[in-house]
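Below is one structure; the comments refer to it alone.
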Protein chains: 4
Amino acid sequence: MSVDRDQVLRAAATLLTRKATASMDEIAKAAGISRATLHRHFAGRDALIRALEELGLARFGAALDAADIEQGDVPQALRRLVAHTRDEAPLLAFLTTENQLFEGEVNAGWDRLDARLTGLFQRGQERGEVRVDLTAAWCAEALYGLLGAGAWAVHNGRIAPNDMERMVAELLLGGVRRSMEQ
Amino acid sequence: MSVDRDQVLRAAATLLTRKATASMDEIAKAAGISRATLHRHFAGRDALIRALEELGLARFGAALDAADIEQGDVPQALRRLVAHTRDEAPLLAFLTTENQLFEGEVNAGWDRLDARLTGLFQRGQERGEVRVDLTAAWCAEALYGLLGAGAWAVHNGRIAPNDMERMVAELLLGGVRRSMEQ
Amino acid sequence: MSVDRDQVLRAAATLLTRKATASMDEIAKAAGISRATLHRHFAGRDALIRALEELGLARFGAALDAADIEQGDVPQALRRLVAHTRDEAPLLAFLTTENQLFEGEVNAGWDRLDARLTGLFQRGQERGEVRVDLTAAWCAEALYGLLGAGAWAVHNGRIAPNDMERMVAELLLGGVRRSMEQ
Amino acid sequence: MSVDRDQVLRAAATLLTRKATASMDEIAKAAGISRATLHRHFAGRDALIRALEELGLARFGAALDAADIEQGDVPQALRRLVAHTRDEAPLLAFLTTENQLFEGEVNAGWDRLDARLTGLFQRGQERGEVRVDLTAAWCAEALYGLLGAGAWAVHNGRIAPNDMERMVAELLLGGVRRSMEQ
DNA sequence: TATGAATGAGTCTTCATTCAT
DNA sequence: AATGAATGAAGACTCATTCAT
C-alpha cells in the first residue's frame, strides 16, 4: 500500500529479472533497506514473489485500461499501450521472465490480461491492420519479448531511456503491420 | 547409458531458461543423470553455467558463420541466420537471459559476436534495406528478444515448432525493413 | 547463549585430537552450537583448523613466555613450562597430532616456538643439567609426545587430572636429566 | 596374509597416522596400487581400519613376546621391547592415535596387551627398579607417546632412524628409573 | 528501523563403492 | 590389475527466517 512497498518491489523486480538467484540480502540491499525490514514488508521470499506478480499484473492491467486498447485504430492503440507500459517495463520483464510460477489466481489473472492483448491483435487482423500470417498469440508474445529486450537495452545503455518507447513501438508495428509489399 | 556432455548442457539450458533457480538436482534429473554424475561432468554450478555460456557462444558463432551473414542481401542473411539459429534457441535464450555473469573471455567472446550481428544491421542500413530510425544495436537486441520469445512460445505451445522460424523472421524483417510507407 | 569463539575452539581441539575425522556436525554438537552457527564463526572446515592452529600457537607462545624459560635453572624452567601448559594440553595435543597442515605463517610460527623450546634443552646441556646423549630436538619432541599422552590419559581416566602435570614433568625431567649414574 | 597386503597396511598406517581424513584414493596412491585393487584387498574403508588395528595388535603382541618382557631385569626388558617395536612404530602410532574405534574384540585384545605392558612396569616397581611415584598405567601411556613421537621425529628428519630406538629407550628408562637422587 | 546472533531446512559437493571395459 | 563412468550416501555449506538488542 505504502509508497515504500512499491519502491521495494521495483528494485526487487529489476534485480530478480537480471539475477533470479539473488538472495534476500541482496534484494534488501538493492532496495536500500535492511533484511529485517524486507521481512517485515513481506512474510517471506515466496510472499515477495507473489507480491511482485500481483503488482506486475495490476500495472499491466492498468496500462491496458489507460491505453483504452479496445477502442479505435489498432496501431494507435498499440502505441498508447507501449507508452503506458514504459515505466512498468522492469515489472513486466520480471513477469515474463519468471516463467515458472503462476499458480491459481495469478495464473488466471495473467490469462485474462494476455487474452485482452491477444484480442487486440485479432481485432487488428479483422480490421486489416495486422498481418494474418502471424498468429495473434505470437504477436502478443513478441510484444512481451520486445518490452523485455527494451528494458534490458536501456539498463545496459544500448539505447537511451527516452528512445525505448519509440524503438519498441516502431519495430513491433512495422513487424505486425499489413503492408502493401507483402 | 553414457549421456553426452552436450546433451546435458541442452537439457540444462532448456530448464534454466525457464527456471533460473533450478537446483543441481533438478538439472540432473532433467538431463536424466544423477546429481553426482552431473558433478563429474562439471566441477560445480558455476562451471556448469560457464560451460553453458561457452557452448551458447560457440553455437551462435557457428550460426553466424553458417548463415554467411557478411554476404549479399541483408534480409536474406537474416532469414538464413534465424534458420540456422532455430535449433539453438534454448541455448541462445539462456545466453541472453542469464544477464549477470559474462566475465573475462566469455564477455569478450560475446562482444565479438554481438558486434558481428550489429554490423549486419548497419550494413542493411547502408544498403537501404534496414530503416535508419532504429539503431542497429537495438535491432540486434530485438532479435535476441524475439528468439527468446519464440523459444518460449514453442515451449508452452502457443506456436507450432515448425512455425517458429518463420514467425520470428517475418516479424523481425517487417519491423526493421525500410518500407515505402514510412 | 552466545558461546565464545575460544570455547568453541577448545571443544573442537578436544574432539579432533581424539577423532580427527569428526564431522562439522559432531564438532558443532561438541561445542553446544548448531552447524550453521559453527559456520558463522569459521568460514569452513579449513578455516576452523587454521584457527585452531593459530590459537594453539598463541597459547604455546604464551606458556613459554609465562614460564620465562630463558631464565635460570633449566629443570625448574621445564617444571614451570609444564605447569603453564597444563590447561592448554588439548590444544597442544591437537597441534602436534594434526601432522599435515602447517603452511606458511603457521609453519613459521611453529618453527619459532619449537626453536625456543629446543633452545631450552640446549641451554640445559650447556649448563650440565641435561644429558648430552639425547639431542635437544628429540627432547622437545618427547615433551610434545608426553603432553599428548598426559592429556589422553587424563581424558580416559588413567591418571587423575591433578596428577597430570607432575607425571609429565617428573618423567620428562628424569628422562633428560644428567644423573650421577649415567 | 600375502606380503602385498601387509605392505599396503604399512603404507596406510603411515598415511593415516599423519592424515586421518585421507581418502581411499590417497591411501591407494600411497600404497602404489589402484583404488579397485585396494577395494579387492579390503571390503571397504571400515574393513581396512579393522585390518590395520588387527595387524597393529598382532605386531605389538609379537613384540611383547619376542622381548620376553615377563622375564628378568625390567630395564633390560624395556630395552628389548623398544628394540622389537622399532619397525612397527608406524603401526603402533596409528593404534594409539586412532583413539576412537576399538570395539569388541579389538578392544579386548588391546586391553590384554596393555595390561601386559602395565604389568611390566608394576613388576619393576616391586623390584625397586621403577619409581613408585609414577603410576604403572602412566608409564605405559608414556611409552606409547614416546614411540609415536619417535616415529614422527624420524619421519620429519629430526632424529636419525638408527637413533630412534636408543633415544626412546634412554629417555623412558631415565624417566621411570628409581634413582639415588630422588 | 537496523543490526548481529542463531539455527532449521535445504542445496551443493565429495567420497566410498560398484561395474564395465 | 587398472581405469573411467556412475551413483547413493554422507558431509559441507548457504540461506531464509527469527529473535534480541
Side-chain angles (χ1 to χ4, degrees), chain A residues 2 4-5 8 12 19-29 31-49, chain B residues 1-5 8 19 21-29 31-49, chain C residues 1-5 8 19-29 31-49, chain D residues 2 4-5 8 12 20-29 31-49:
Chain A
S2 73
D4 282 349
R5 187 187 149 97
V8 170
K19 184 160 159 41
T21 56
S23 69
M24 291 294 275
D25 222 344
E26 291 173 299
I27 295 172
K29 225 158 259 160
I33 59 176
S34 75
R35 249 168 320 156
T37 306
L38 181 59
H39 273 284
R40 199 133 16 73
H41 279 302
F42 308 97
R45 191 193 181 88
D46 287 350
L48 172 63
I49 302 292
Chain B
M1 284 300 152
S2 166
V3 178
D4 204 56
R5 182 191 154 97
V8 172
K19 184 159 158 41
T21 56
S23 71
M24 290 296 273
D25 210 358
E26 291 173 300
I27 296 171
K29 228 158 253 159
I33 58 179
S34 79
R35 220 176 348 184
T37 303
L38 180 59
H39 273 282
R40 255 185 18 87
H41 281 296
F42 307 97
R45 193 194 182 87
D46 286 352
L48 172 64
I49 301 291
Chain C
M1 284 296 155
S2 166
V3 178
D4 205 57
R5 182 189 154 97
V8 172
K19 183 160 159 38
T21 57
S23 70
M24 290 296 273
D25 210 358
E26 292 173 301
I27 296 172
K29 227 157 254 158
I33 58 179
S34 79
R35 219 176 348 183
T37 303
L38 181 58
H39 274 283
R40 256 186 18 86
H41 281 298
F42 308 97
R45 194 193 180 86
D46 285 353
L48 172 64
I49 301 292
Chain D
S2 73
D4 282 351
R5 188 188 148 95
V8 171
T21 57
S23 69
M24 291 295 274
D25 223 344
E26 291 174 300
I27 296 171
K29 224 156 259 160
I33 60 177
S34 75
R35 248 168 322 154
T37 307
L38 181 59
H39 273 284
R40 198 135 14 75
H41 278 302
F42 307 96
R45 192 193 179 89
D46 286 351
L48 173 64
I49 301 291

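Note on naming: letters A, B, ... go to the chains in the order of the sequence lines (proteins, then strands), and numbering restarts at 1 for each one.
- Here CZ of D:Arg40 is found 12.5 Å from CZ of D:Arg35. Values are rounded to the nearest 0.5 Å.
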Could you run down nucleotides 13-21 of chain E 5' to 3' and tag each one B, S or - for protein heavy-atom contact under 4.0 Å? BBBSBB---
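- The two atoms that bring A:Ile33 and A:Val8 nearest to each other are CD1-CG2, 4.0 Å, heavy atoms only.
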Pairs counted only when both distances fall under 3.5 Å, Watson-Crick or G-U: show me the 5' to 3' dot-bracket for DNA chain E, [ ] for pseudoknotted crossings and | for other-strand partners. .||||||||||||||||||||
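- Rounded to an integer number of Å, the gap from A:His41 NE2 to F:dA16 P is 17 Å.
- Considering every non-hydrogen atom in both B:Thr21 and A:Ala20, the closest pair reads CG2-O, 3.4 Å.
- Across the protein-nucleic acid pair, B:Glu26 atom CD and E:dG10 atom C1' stand 12 Å apart, rounded to whole Å.
- The interatomic distance linking C:Lys29 (NZ) with E:dT7 (C1') rounds to 13 Å, in whole Å.
- At the phosphate of E:dT7, OP1 or OP2 sits under 4.0 Å from a side-chain N or O atom of C:Ser34.
- At whole-Å resolution of the value, CG in B:Leu38 and P in F:dA5 are 15 Å apart.
- Across all non-hydrogen atoms, the minimal contact from A:Ile27 to A:Ala22 is CD1-O, 4.2 Å.
- When every heavy atom of C:Arg5 is checked against every heavy atom of C:His41, the shortest pair comes out as NH1-O, 4.0 Å.
- Rounding to the nearest 0.5 Å places CE of B:Met24 at 4.0 Å from NE2 of B:His39.
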